Amino acid sequence: MSELKNDRFLRALLKQPVDVTPVWMMRQAGRYLPEYRASRAKAGDFMSLCMNPELACEVTLQPLDRYPLDAAILFSDILTIPDAMGLGLYFETGEGPRFKKTVRSAEDVASLPVPDPERDLGYVMDAVRTIRRELNGRVPLIGFSGSPWTLATYMVEGGSSKDFRQAKAMAFNQPEAMHALLDKLAQSVTTYLNGQINAGAQAVQIFDTWGGALSSSAYLEFSLAYMKKIVDGLIREKDGRKIPVILFTKNGGQWLESIAATGTDALGLDWTTDIAKARARVGDQVALQGNMDPTMLYASPERIRQEVASILAGYGNGSGHVFNLGHGITPEVDPEHARVFIESVHELSAQYHQ
């Protein structure tokens with residue numbers, strides 16, 4: 001594998017000195033880019049794009065060709081694991097992801113396989129290998145997965161949900177069945193992420209999109225406990241380099257200390273948590289990633305620069321901050337506003353790394 005030309009993202013995650021604060025965006029390969037929309041049209045639909053390693057590589061690299069980003073993130077979907085378990089993922093226009101089969105009982109859980117990364121999710125591993133080769137050391141590649149709780153919500157509900165009624169009912173009425181499901185998902189995510197690391201991912205992020213929908217005690221029991229299991233089972237060093245792990249719970253600001261105690265290297269923050277307060281609470285234990293409100297990208301370039309300056313000042317001096325949005329970039333954003341955001345991070349952060 002070629003030597004990394006820009007490793008500031010990995011260095012910041014490990015709280016090592018950097019010249020400027022590194023930056024990448026969740027969903028940086030996505031619908032706000034006209035070149036992405038063209039690739040997706042060529043593929044025919046979203047899943048065909050995910051399942052074609054060459055096209056997945058093409059869209060992963062598109063934002064890097066446009067902007068001075070400090071990391072690439074594998075183009076895939078969090079629902080690849082439930083799909084590989086045989087639930088039949090499909091996408092309804094305007095409705096988001098749906099599953100042909102749901103998981104609602106202990107018997108349903110018992111019948112689920114733990115997918116083998118190379119055999120059952122080989123298209124993802126091939127995409128990782130292809131992207132890593134084509135990056136040729138430009139920037140590190142991030143692998144990712146959904147968290148067990150987040151994946152479970154889709155599997156139990158059969159798709160997206162506003163109130164997670166079925167998933168929460170299963171957790172509260174059939175806790176043994178829910179724990180069995182989460183345990184199987186934790187095993188699956190661990191082998192999946194380790195597969196990505198073996199294929200070339202240089203850092204991994206777990207997206208706990210729906211952990212914040214739980215009460216405090218339920219979050220610790222049904223979400224965080226299983227993310228800790230995964231952290232404990234991950235490959236943390238490869239080819240002489242550490243493989244940092246980022247945990248991101250949307251609406252997880254009240255649990256930062258508990259998340260930091262899992263052994264993760266970094267916490268993703270959404271935009272509802274003040275980064276200065278987060279650093280005061282856990283910043284000596286872990287790096288922090290985030291956390292500009294994605295809708296700030298609809299503001300004027302001047303306002304975007306102000307917000308970047310404010311977040312950088314909030315974090316303050318020293319390494320351990322990876323700049324990101326507090327959630328994914330949205331499809332209607334002007335690509336030039338994304339450029340202002342990324343370039344402002346590099347330009348305005350140098351003073352904090354003297």
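Given the structure is predicted, the values throughout are model-derived calculations rather than measurements.
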Examine distances only and state if a side-chain atom of [X] and a backbone atom of [Y] form a donor-acceptor pair shorter than 3.5 Å.
| X | Y | value |
| --- | --- | --- |
| Ser39 | Glu35 | yes |
| Lys250 | His327 | no |
| Lys228 | Ser223 | no |
| Glu157 | Ala152 | no |
| Arg8 | Asp70 | no |
| Asp265 | Leu14 | no |
| Asp293 | Trp271 | no |
| Thr264 | Ala260 | no |

Between the side chains of [X] and [Y], is a donor N or O closer than 3.5 angstrom to an acceptor N or O?
| X | Y | answer |
| --- | --- | --- |
| Asp83 | Thr80 | no |
| Glu332 | Thr330 | no |
| Tyr352 | Ser319 | no |
| Gln289 | His321 | no |
| Ser147 | Thr150 | yes |
| Thr21 | His353 | yes |
| Tyr154 | Trp210 | yes |
| Trp255 | Thr249 | no |

| task | Would you sort out whether Tyr36 and Phe75 count as a ring pair (Phe, Tyr, Trp, His ring centres under 6.0 Å), showing the intermediate values? | result | CA-CA 11 Å; Tyr36 168 85; Phe75 181 78; 5.7 Å; yes
Distance to the ring centre below 6.0 angstrom and angle to the axis at most 45 degrees; does that hold for Arg98 and Tyr90?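 No cation-pi geometry.
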Task: Heavy-atom pair with the smallest gap, counting every atom of Ser344 and Arg305 - done: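 Nearest pair, atom of Ser344 first, then Arg305: OG-CG, 3.0 Å.
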Could you check whether Lys42 pairs with Glu54 (Lys NZ or Arg NE/NH1/NH2 to Asp/Glu carboxylate O, under 4.0 Å)?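 No salt bridge links Lys42 with Glu54.
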Does atom NZ (Lys101) have a neighbourhood of more than 12 heavy atoms from anything else shown, all under 6.0 Å?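 Atom NZ in Lys101 is not crowded, with 12 or fewer foreign heavy atoms closer than 6.0 Å.
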